Structures are given as structure tokens and as C-alpha cells.
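Every chain is numbered from 1 and lettered A, B, ... according to where its sequence line falls, protein lines coming before strand lines. It should be emphasised that the depicted structure is a prediction, and the values quoted were computed from it without experimental measurement.
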2 protein chains.
Amino acid sequence: MAQLCLPVGLNVTELKQLDSLIQKHRLIQKGRFIYRTGDSFTHLYAIRSGSVKAYTLTSDGQIQMTDFFLLGEIMGLDAIATKRYHSNAVALQTTSICEIPFHQLEQLSLKIPALQQQLFRLMSQEITSEQNLVTWLGRKNAEQRLAAFLLNLSNRYHQRGFSATEFHLSMSRTDIANYLGLAVETVSRILSKLSEQKTIAIDKKFIRILDMDCLHQIVNVGKHDSLPCIAHHA
Amino acid sequence: MAQLCLPVGLNVTELKQLDSLIQKHRLIQKGRFIYRTGDSFTHLYAIRSGSVKAYTLTSDGQIQMTDFFLLGEIMGLDAIATKRYHSNAVALQTTSICEIPFHQLEQLSLKIPALQQQLFRLMSQEITSEQNLVTWLGRKNAEQRLAAFLLNLSNRYHQRGFSATEFHLSMSRTDIANYLGLAVETVSRILSKLSEQKTIAIDKKFIRILDMDCLHQIVNVGKHDSLPCIAHHA
DNA sequence: CGTTATATTGAAAGCAGTCAATAGTCGTGG
DNA sequence: CCACGACTATTGACTGCTTTCAATATAACG
């Protein structure tokens with residue numbers, strides 16, 4: 001169980017101790033909340049299956065998508081400092097999560113150095129991942145943001161042993177647009193365009209990446225350079 | 001010494017142990033590097049005085065500003081996971097830093113629960129701070145990004161006991177523009193505009209915030225709503 | 001099977017980027 | 001101490017990407 005929730009190189013004894021912490025797991029129906037902004041922070045949550053979106057509300061009531069969590073990823077790391085969750089976490093589909101009581105995890109990690117290391121590593125990764133996001137937004141045009149988003153999902157699925165080229169977009173176009181700081185219409189237009197030039201194929205929420213190199217090229221050229229990989233049409 | 005570098009509620013004995021780790025401090029001249037992308041990760045660095053900018057290079061050689069570090073802030077947290085620094089850290093002025101050997105800090109934090117907690121807290125804060133940045137970029141227009149940037153600096157200086165309304169912009173306009181994903185010209189134009197409407201006053205790199213409420217209003221309205229606080233001119 | 005939410009596509013407007021020219025600042029060496 | 005050159009900052013004009021508004025089309029849900 002612990003292996004599934006918090007994969008980390010521990011010996012059998014240590015693993016048992018961790019297991020005793022992570023007993024509960026819950027099934028969350030689509031649209032249900034795991035936690036809400038301001039709730040007092042008690043647990044980290046690991047996704048065993050399904051997916052979750054996290055968003056905050058601005059002072060004027062607008063939604064701001066902050067994260068999508070996929071299988072194997074940990075939610076709630078940003079809440080440690082303030083002891084309150086900063087976002088609303090909602091299941092995008094029926095989702096199974098592990099509940100990890102943080103206080104006990106903290107205690108245990110004092111006794112198991114490898115566990116402490118893994119926690120530091122996890123948090124550091126999260127910082128890096130947020131920094132990368134910062135790098136895309138604002139500095140990249142709409143097409144690049146979307147290409148980077150698709151590649152990011154592809155990598156994350158691939159890491160967990162799933163196909164890097166075919167996967168399910170569990171979030172809506174509206175959510176994607178919000179996450180990338182674009183209008184829904186722009187996301188839709190660009191998906192259509194990429195589909196036309198055979199870089200990707202889309203059937204509703206199911207996506208196939210046909211030309212991975214092309215996506216990489218799109219991401220890596222400057223904001224307004226334009227030598228895309230479209231040697232296709234006509 | 002430790003108090004200055006890693007403020008945390010420890011007793012005298014614990015503080016001594018921490019002190020013994022954090023012996024060295026270095027003076028870095030303006031323009032000098034503290035670390036570079038790819039250097040192997042050995043230390044965290046805390047700023048005792050001065051300021052530092054951190055940037056990465058894109059695949060096509062463009063600079064991407066990722067962070068500004070001010071007095072009291074910790075650099076290098078993103079390097080823990082990969083054991084390599086992810087960015088280039090350069091002093092913006094003559095800067096004094098504490099060197100904190102991370103491996104030893106990790107060891108010590110196994111023995112001092114309060115220290116471990118403080119480290120978790122620090123990293124969690126960093127995650128939150130990056131998330132906030134993500135929230136601005138891409139979702140806010142140029143004026144809002146700049147207003148948010150100024151308020152952010154104001155808060156950070158204020159937290160450390162300095163004036164919230166008057167401070168030195170140690171980074172260049174070019175750096176600010178890059179950080180916010182804007183063109184230098186846009187930053188310059190907006191600073192001029194805010195200056196004209198008496199929201200701020202600028203003398204070269206020295207800035208005074210004259211109307212803090214106005215800045216907050218700018219940040220908090222929607223991306224294209226426009227009811228600014230300009231009841232000033234003529 | 002109808003109703004509502006989500007997605008696609010088109011046309012027009014606006015914000016920010018680019019290009020260009022000028023002004024001001026900083027550091028170095030005469 | 002001043003003068004030169006290089007760098008940084010400011011301001012203006014124009015282009016273009018992305019948003020907004022509007023109209024369908026398609027999918028999801030009870």
C-alpha cells in the first residue's frame with residue numbers, strides 16, 4: 001500500500017511502519033471535493049487512480065486553475081507552511097486517493113532518514129515543477145503553451161508506465177484554457193489547427209500525439225519565431 | 001549567526017549545533033555568480049545583505065529570469081531533488097551570503113524536530129510563492145503584473161523590518177521585464193504612467209509607493225475590467 | 001429525448017510586442 | 001575630474017496575436 005502511495009526506497013520494517021500510517025483510502029466521485037481553500041491542513045493525499053484539479057478563487061470570484069494531479073502524484077504540499085489548504089481540490093472523474101496524516105508522517109520521517117530525504121525530494125520537485133510552469137506562462141505564445149502542456153501530460157503518464165502518445169484529457173477545454181491563461185476559444189482553435197496539420201489527433205477527450213518532434217519544436221523556438229514542422233498539408 | 005541565516009525557534013543547545021554548521025559567510029561582488037546551472041548541489045545559501053537574481057537559459061540561448069532573492073531569503077531549495085542547481089545565481093549588488101551545507105543540515109534535522117519542521121515550512125512556502133507567481137503570469141495584463149510585482153517586493157521588505165513604501169529596485173528594468181514576461185518598453189511605459197498618476201514616484205532605481213490602495217485595486221480587478229483608481233489628473 | 005453545458009468556428013477590437021530613435025546613466029581611462 | 005563609449009531607459013508609431021462577442025454544433029445528463 002505505502003509503495004503505491006509514497007514510492008520510496010525503504011526496507012521491510014520501515015515499510016511496515018509507513019503502511020500503518022497510510023491505511024485509509026477513499027473513493028471520490030466526479031465533481032466531489034477532497035479539500036477546500038482554508039480547510040485546516042491534516043493530510044497529504046496521493047492519487048491511486050483518477051485525476052484531480054485544484055483551483056483558487058480571486059478576490060473578484062474568478063476561478064484560477066493552479067494544478068492538475070494525475071495518478072501517483074501528491075496533493076497538499078503547499079499547505080504545510082500555513083496549516084491550511086490553499087486551493088479547492090475536485091475530482092475530475094471517479095478517483096481513488098490515499099490519505100496520509102502529515103503530522104505522523106513528519107514524526108516517522110525523524111526516525112527514517114530515507115523517508116525524510118524522499119519528502120525533501122518531493123517538495124523540491126514540486127518547486128521545480130512550479131518554476132517550469134512560470135517559465136511557460138507569459139513568455140510563450142498560445143500555441144507553445146498548449147504544446148508544452150500536452151508534452152507535460154505525456155511525460156507524466158509515461159513516467160507512470162502509461163503510453164506517452166495516447167491518453168485521456170480528463171479536464172475540460174475550459175479548465176485547460178484557465179490553467180494556461182488563455183481563452184477557451186484559443187485552446188479550441190489551436191487544437192483544431194494541430195489536428196489539421198496531423199501533429200495530433202483528437203476524438204473528444206481522447207488525444208493521440210502523432211508527431212512528438214513537432215510539439216517539441218513548437219515549444220523550443222522563440223516566442224515569435226516561426227519555423228514550425230508543417231511540411232504536411234496539400 | 002544561525003539566527004540570521006535560518007531563523008527558527010530553537011533552544012540554546014540546538015542553536016549551537018546549527019551554528020557550527022553555518023560558519024562560513026562570503027561577500028559576493030556585483031555581477032559575480034553564487035552558483036551556475038548544472039553545478040552539483042552542496043549548499044543552501046541565505047542572504048544576509050544585498051540581493052541576487054536567478055535565471056535559466058532556454059534551449060535557444062534566451063535568458064529567463066526565475067527569481068529575485070532579497071535579504072533573509074534562501075536560495076537553492078529547488079536543487080535538492082536533482083542534486084544540481086537549476087539556475088544561475090548572480091549578485092545584483094555587493095551581497096553577503098551564508099553557506100549552509102545541505103547534507104549536514106539534513107542530518108541535524110533528524111535530531112532536531114523543530115529544525116525539520118522549519119525546513120518543511122520553508123519549502124512549502126517556496127511552493128506557495130511559485131504558485132502565486134503562476135497565478136499572475138499569463139492571467140494578468142501588463143499593468144497588473146507590474147503592480148503585483150511592486151506589492152510583492154513591498155511585502156518582502158516590510159516582513160524584514162524595512163519600509164513597505166520606499167525601497168531600492170536592485171534589478172534592472174530589463175530583468176523586471178524578463179521576470180514578468182513583458183517587453184522592457186512595456187515596463188518602462190507602465191512605470192511612467194503610474195508615476196504620472198501619482199500612484200508611485202520613481203527616481204532611477206529608488207521607488208516610493210504613494211497610493212498603496214491603488215496598486216491593490218489594479219491587481220484585484222479582472223484582466224480587462226477597468227475601474228482604476230485614477231481620480232487624480234486635472 | 002429534451003435540456004443544459006461544453007466545444008467549435010467566424011469576425012472585429014485591443015493590448016502588448018517589435019522596430020526605431022532619443023535621452024540618460026554608469027564605468028573606465030585619459 | 002572630466003570625457004568618451006557602452007549600456008540602460010524612455011517615448012512613439014505600427015503590426016499582430018489573442019481576446020471578446022456572437023452564432024452554431026456537439027456532447028452530457030437526467
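Aromatic rings of A:Phe167 and A:Phe162 (six-membered ring for Trp) have centroids beyond the 6.0 Å cut-off, not under it.
The CG-C1' distance, from A:Leu169 to C:dT6, rounds to 14 Å in whole Å. Between the C1' atom of C:dT6 and the CG atom of A:Asp203 lies a distance of 15 Å, rounded to the nearest Å. If you take NZ of B:Lys204 and P of D:dT10, they are 12 Å apart, rounded to a whole angstrom. At whole-Å resolution of the value, CD in A:Glu185 and C1' in D:dT24 are 13 Å apart. Atoms CZ (B:Arg173) and P (C:dG24) sit 15 Å apart, rounded to a whole Å. Put simply, CE on A:Met171 is 15 Å from P on C:dT6, counting in whole angstrom units. In this structure, CG of B:Leu191 is placed 17 Å from P of D:dT8, rounded to the nearest angstrom. When the C1' atom of D:dT19 is taken as reference, atom CZ of A:Arg145 falls 12 Å away, rounded to whole Å.
Put simply, A:Ser188 has no side-chain N or O that comes within less than 4.0 Å of OP1 or OP2 on C:dT9. OP1 and OP2 of C:dG24 both lie 4.0 Å or more from every side-chain N or O belonging to B:Lys205. Side-chain N/O atoms of B:Thr186 include none lying less than 4.0 angstrom from OP1 or OP2 on C:dA16.
Checked against C:dA7, D:dT11, C:dT9, the side chain of A:Thr174 finds its nearest nucleotide in C:dA7. Minimum atom distance to the side chain of A:Arg189 is reached by D:dT19, of the listed D:dG12, D:dT19, D:dA9. When the nucleotides D:dT20, C:dT18, D:dT8 are ranked by their closest atom to the side chain of A:Ala183, D:dT20 comes out on top.
One N or O on the side chain of A:Ser124 and one on the backbone of B:Asp78 form a donor-acceptor pair closer than 3.5 Å.
Within the nucleic acid shown, B:Leu182 comes within 4.0 Å of sugar-phosphate atoms alone, with no base atom in reach, counting heavy atoms only. Residue contacts for A:Lys30: at a heavy-atom cut-off of 4.0 Å it reaches the sugar-phosphate backbone alone, with no base atom in range.
Ring geometry for A:Phe41 versus A:Phe102: interplanar angle of 30 to 60°, hence tilted.
Residues A:Ser154 and A:Met212 share a closest heavy-atom pair of OG-CE, 3.8 Å. Across every non-hydrogen atom of B:Ile63 and B:Asn178, the tightest pair is O-ND2, 2.8 Å.
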